[in-house]
Amino acid sequence: MTNIDENDTYLHRLGKLTPVYVIALITAMEGLLAPFATLDIAFQVIAVVMVLIAAIVLFWYFEIRDQKVDFRPQLVIAFMTSMLYIILSSIRILNIDLGDLNYILMLGVGLWTFVTPIIIKG
């Protein structure tokens, strides 16, 4: 992933703002988080914090160290998108029932993902 360029198409900006490795991390961790669904809330929080820490390390390594992205709005949006995906996936994996708020969160993350490439032009 490199810095967003003003000539990038919508799909290129979407790819640069939505870190795929974080989505892959959640998919890989789903099997490890599922057993925590039956434990106390404290253990669930610890499991989610461990996944958040892993995502922050991955984000730092790939975005800042490896790809050397220095366009700050891109970094902020990509980081926020990563955290939103992790929180939403953790809620789903751990079977936390927030009622209708679950659907509102999913809609919000979906809108966030598809609207940010329109806003951030480079």
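Hydrophobic clustering (ILVMFWY, side-chain heavy atoms < 4.5 Å, transitive): Ile87 and Val76 are in one cluster. Clustering ILVMFWY residues whenever any of their side-chain heavy atoms sit less than 4.5 angstrom apart, transitively, puts Met80 in the very cluster that holds Ile86.
Note that CD1 of Ile77 is 5.5 Å distant from OG1 of Thr116, once rounded to the nearest 0.5 Å. Remark: Met83 CE to Phe59 CZ distance equals 8.0 Å, nearest 0.5 Å. Between the NZ atom of Lys16 and the CD1 atom of Ile4 there is a distance of 6.5 Å, given to the nearest 0.5 Å.
Screening residues 86-99 for side chain to side chain donor-acceptor pair (under 3.5 Å), with sequence neighbours left out, gives Glu30-Arg92. Sequence neighbours left out, not one pair with a member in residues 33-62 passes side chain to side chain donor-acceptor pair (under 3.5 Å).
A 6.0 Å sphere centred on CG of Asp66 holds more than 12 heavy atoms belonging to other residues, nucleotides or ligands.
Closest approach of Ile120 to Arg13, counting heavy atoms only: O-CD, 3.1 Å.
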Could you give the side-chain donor-acceptor pairs of residues 102-113 under 3.5 Å, partners two or more places apart or in another chain?
unit_1 : atom_1 : unit_2 : atom_2 : d
Asn102 : OD1    : Leu98  : N      : 3.3
Asn102 : ND2    : Ile96  : O      : 3.3
Trp112 : NE1    : Thr81  : OG1    : 2.7
Thr113 : OG1    : Tyr85  : OH     : 3.2
Thr113 : OG1    : Val109 : O      : 2.8

Show me the donor-acceptor pairs within less than 3.5 Å that the side chains of residues 47-56 make with the rest of the protein, sequence neighbours left out.
none

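Ring geometry for Tyr21 against Phe62 counts as tilted: the plane angle lies between 30° and 60°, on a 0 to 90° scale.
Between the side chain of Glu63 and the main chain of Val69, no donor-acceptor pair closer than 3.5 Å is present. At distances below 3.5 Å, at least one donor-acceptor pair connects side-chain atoms of Asn3 with backbone N or O atoms of Phe71.
The other residues sharing a hydrophobic cluster with Tyr10 are Leu11, Leu14, Phe114, Ile118, where clustering joins ILVMFWY side chains under 4.5 Å apart.
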After noting the C-alpha distance and the side-chain angles of Leu75 and Ile64, does the key distance pass the side-chain contact (heavy atoms from CB on, under 4.5 Å) rule? CA-CA 9 Å; Leu75 289 173; Ile64 298 170; 4.3 Å; yes
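Applying the ring-ring contact (aromatic ring centres under 6.0 Å, His included) test to Phe36 and every residue at least two apart in sequence or in another chain returns nothing.
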